There are 2 protein chains.
Amino acid sequence: MVMSGRDRPTLENVAQRAGVSRATASRVVNGSTSVAPHIRDKVLNAVDALGYVPNQAARSLVTQRTDSIALVASETTSRVFSDDPFFAAVIRGVSLELEAADKQLVLMMVGPSGPSHDRVERYATGGHVDGAIIFSMHGADPLPERLSRAGVPVVCNGRLLTQSQVPYVDVDNEDAARAAVHHLLDTGRRRVATIAGPQDMSAGIDRLKGYRSAMQDASRRSIVAVGDFTRQSGALAMSQLLADDPQLDAVFAASDAMADGALRALRQNGRRVPDDVAVVGFDDMEFARDTEPPLTTVRQPITDIGRTVARQVLRLAAGEQIEPVLLLPTELIKRESA
Amino acid sequence: MVMSGRDRPTLENVAQRAGVSRATASRVVNGSTSVAPHIRDKVLNAVDALGYVPNQAARSLVTQRTDSIALVASETTSRVFSDDPFFAAVIRGVSLELEAADKQLVLMMVGPSGPSHDRVERYATGGHVDGAIIFSMHGADPLPERLSRAGVPVVCNGRLLTQSQVPYVDVDNEDAARAAVHHLLDTGRRRVATIAGPQDMSAGIDRLKGYRSAMQDASRRSIVAVGDFTRQSGALAMSQLLADDPQLDAVFAASDAMADGALRALRQNGRRVPDDVAVVGFDDMEFARDTEPPLTTVRQPITDIGRTVARQVLRLAAGEQIEPVLLLPTELIKRESA
DNA sequence: TCGTGTCTTGAGAGCGCTCTCAGGCCGATT
DNA sequence: AATCGGCCTGAGAGCGCTCTCAAGACACGA
């Protein structure tokens, strides 16, 4: 078995070439200020003459840090692996932030609480990472709490459904949904339905709650169908809603993908948008401005959520206190569908 | 700075508790067969009594392996971070395969040959990973070659545009495109246009080449517009094509997202699909069956590509010889758009 | 001139693990 | 009964790095 790194230069080599001790070479490499300039230069020269790169394993062994953060995502989540690019946007944000801090991103997918669950738990609690970001949890997943209890800095994306102190970053889903529904009501819609997200995820639950509360405020009856954030489920739910209440004149979908599916279903059922039925989505994904008609939707700053959650976990790993809950702002983007 | 793992049990502790030497404990943990069963049991008991998890850093230090593989993706790639879920599907495949081999996935995004490029290179050549998977490269990116030359096992997704021996996994884009165009011609279409992908990526180049070659075979003139794999670019390109040749009766788009954009543009220009214009896409993404009309498209096994590329890099890292080029099959999925 | 304090440098002890090597035990063979 | 061979086990040497601690160098004031 040929190892690529067998002949990689070590700090010892660098020190030798520079004519200093290993300790001094280490100081230079790690940017200590208390090294005489001319010695510093000698070491730096040696470093790039030899193409020296520190061995992370050796470093971790002594520092007890790994400089890497786990990003745990549920593989089954439709938001993660379907035609909803939510996942990519979050990763992007996380990645940007970690890169800036010179940390690595270790991606772990977990199935529905199967063996891969244990694997993640063992890996994370095993000190392989300095912290973990968990997102798109379904149901009352015990993972965040467990990791946290095991001493791993954990920050989640999205409110936890368990009783738990694990900090999280999210938008105010309930409030945002309420705003969307109010917009519909304010523009004269009477029979407003909703296509809710999965009811084992906080985003799904809270947006439905927001819808209900807004409808209650206006003394109107709720008309609900549940999807799973995908286009297909949106189309299906829309058909159901139409069957349930052919008179409905507006629908609030808990994701843009579902809203897009709904648009299709409406079209196929001969309804004009927004003339007959107004549609509001949620996310403001890129494709929302290209649907027919362009989608009025609740923008949430997905990449920012990724960045923020990463920043929080880094702070936590650095021993800082962080806010247990951080809610990022949303904004209703008015286009033509409502 | 409180470290979570400060008091984690070490192999020494396990050995002590089991009343054996550290060497024997190590043997058990690593599944060596030459350990007496009753001793083995004692050690295993100690392991889970203490909740022992091996320290990866220490292990790496001596084995010179890290058990992790880097997945390098170009951040600018529209396929990666737009409404095209290509990225997620590849990751999924890679992840599945690595998980099965108990390897970690380290995700690295690179911008357009900026500082992040060096970072990736340093990191990978620095022995932090056992291998690297590179995908969605733009232009003549020197990264794969450099890493490979530095002794890092590298496998790419997609043909390289540089002269290079770096192995890759892909589909036969040229051939697949040819098949798509032939289908159009065979069904009586005369003026077949194409919306090509970016011409600094092999997938873009090769699919265009396939289109051209099929058109030449049929002695027809090429009608070309170039997009960047996104919906928006597809819509734009379609409008251009329509302006260039109002008589066109078919279009082959190099991605489903662009095909979807094209469908929209066609609709907006009053063309019926497939009656006036037939449309064929490429990818067979999930949404392709829900477009209006459902999209005829070239299916490529994206998740499989991810799996395969992961498998190849693992083999390479294990010192095996691998095929320099591996082409996975495509299939023309006929739906209603053509 | 000598002592004191400050600053830079080097020596060396591990971090937790794997793996080689040698020793010990035991059954088998002559 | 003595010797041989095979199989387990333990001792110990590192892997490459960081960090503590002490020693050396130097400037300064008394």
Side-chain angles (χ1 to χ4, degrees), chain A residues 1 3-44 46-47 50-67 122-123 125-128 130, chain B residues 1 3-44 46-47 50-67 122-123 125-128 130:
Chain A
M1 178 135 46
M3 290 317 311
S4 59
R6 269 293 172 211
D7 45 3
R8 265 199 310 139
T10 72
L11 194 55
E12 186 69 51
N13 301 332
V14 171
Q16 223 156 53
R17 190 175 228 270
V20 300
S21 73
R22 197 174 60 243
T24 299
S26 173
R27 283 188 192 99
V28 173
V29 169
N30 291 288
S32 163
T33 50
S34 62
V35 176
H38 69 284
I39 294 210
R40 205 182 120 76
D41 290 347
K42 277 201 296 188
V43 173
L44 290 179
V47 164
L50 297 172
Y52 170 76
V53 183
N55 180 320
Q56 181 62 33
R59 184 178 275 174
S60 290
L61 187 55
V62 34
T63 59
Q64 305 278 34
R65 281 180 298 102
T66 62
D67 288 332
R122 277 220 320 279
Y123 186 80
T125 58
H128 296 307
D130 297 343
Chain B
M1 176 136 44
M3 291 317 311
S4 58
R6 270 293 172 210
D7 44 5
R8 265 198 311 140
T10 71
L11 193 55
E12 186 67 50
N13 301 332
V14 172
Q16 222 156 54
R17 190 175 227 270
V20 299
S21 75
R22 197 174 61 242
T24 298
S26 174
R27 284 188 193 98
V28 173
V29 169
N30 291 289
S32 163
T33 51
S34 62
V35 176
H38 70 284
I39 293 208
R40 205 181 118 76
D41 290 347
K42 277 201 298 187
V43 173
L44 289 179
V47 163
L50 297 173
Y52 170 76
V53 182
N55 180 321
Q56 180 62 34
R59 183 177 276 175
S60 290
L61 188 54
V62 34
T63 60
Q64 304 278 35
R65 281 181 297 103
T66 62
D67 288 332
R122 277 220 321 278
Y123 187 78
T125 58
H128 296 306
D130 297 343

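Below, read A as the first sequence line, B as the second, and so on, with proteins coming before strands; counting in each chain starts at 1. For clarity, every value in this text was computed on a predicted model and none was experimentally measured.
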Closest to side chain of B/Tyr52, choosing from D/dC19, C/dC17, D/dG10: C/dC17
Has A/Ser21 got a side-chain N or O lying under 4.0 Å from the OP1 or OP2 atom of C/dG10? yes
Quick check: do A/Asp130 and A/Asp67 have side-chain heavy atoms less than 4.5 Å from each other? yes
Rounded distance in Å - CD (B/Gln64) to P (C/dC17): 17 Å
Is the phosphate of D/dT18 approached by A/Thr63 (side-chain N or O, under 4.0 Å from OP1 or OP2)? no
State which of D/dC8, C/dC17, C/dG14 makes the closest approach to the side chain of B/Ala36. D/dC8
How many whole angstroms separate atom NZ of B/Lys42 from atom C1' of D/dT9? 12 Å
B/Leu11 has an atom CG; how far is it from atom P of D/dT9, in whole Å? 15 Å
Tell me whether the side-chain N or O atoms of B/Arg8 pair up with the base of C/dG16 as donor and acceptor below 3.5 Å, since no angle test is needed here. no
Considering only C/dC15, C/dT18, C/dT9, which nucleotide approaches the side chain of A/Val35 most closely? C/dT9
N/O donor-acceptor pair, side chain B/Arg27 with base C/dT18, under 3.5 angstrom: no
Which pair of heavy atoms, one from A/Val47 and one from A/Val29, lies closest together, and at what distance? CG2-CG2, 4.3 Å
Rounded to whole Å, CG of B/Leu61 lies from P of C/dG14 at a distance of 17 Å
Give the rounded distance in Å between these two atoms: CG of B/Asp67 and P of C/dC17. 15 Å
A/Asn30 side-chain N/O to A/Ser26 backbone N/O, donor-acceptor pair under 3.5 Å: yes
What is the distance, rounded to the nearest whole Å, between atom CZ of A/Arg22 and atom P of D/dG16? 11 Å
Spacing of A/Ile39 atom CD1 relative to C/dT8 atom C1', expressed in whole Å: 8 Å
Compare side-chain N and O positions of A/Ser26 against OP1 and OP2 of D/dT18 and report whether any pair is under 4.0 Å apart. yes
So, OP1 or OP2 of D/dC15: does either fall under 4.0 Å of a side-chain N or O from A/Asn55? no
With a 4.5 Å cut-off on side-chain heavy atoms, are B/Tyr52 and B/Leu11 touching? yes
For B/Glu12 and for A/Val20, find the nucleotide of DNA chain C with the closest heavy atom, then tell me which residue's nucleotide is more 5'. A/Val20
Please report the distance, rounded to the nearest Å, between CZ in B/Arg59 and P in D/dC17. 21 Å
Do B/Thr24 and B/Ser21 have side chains that approach each other closer than 4.5 Å (heavy atoms only, starting at C-beta)? yes
Under 4.0 Å, counting only non-hydrogen atoms across every strand here, what does A/Ala23 touch: a base, just sugar-phosphate, or nothing? base
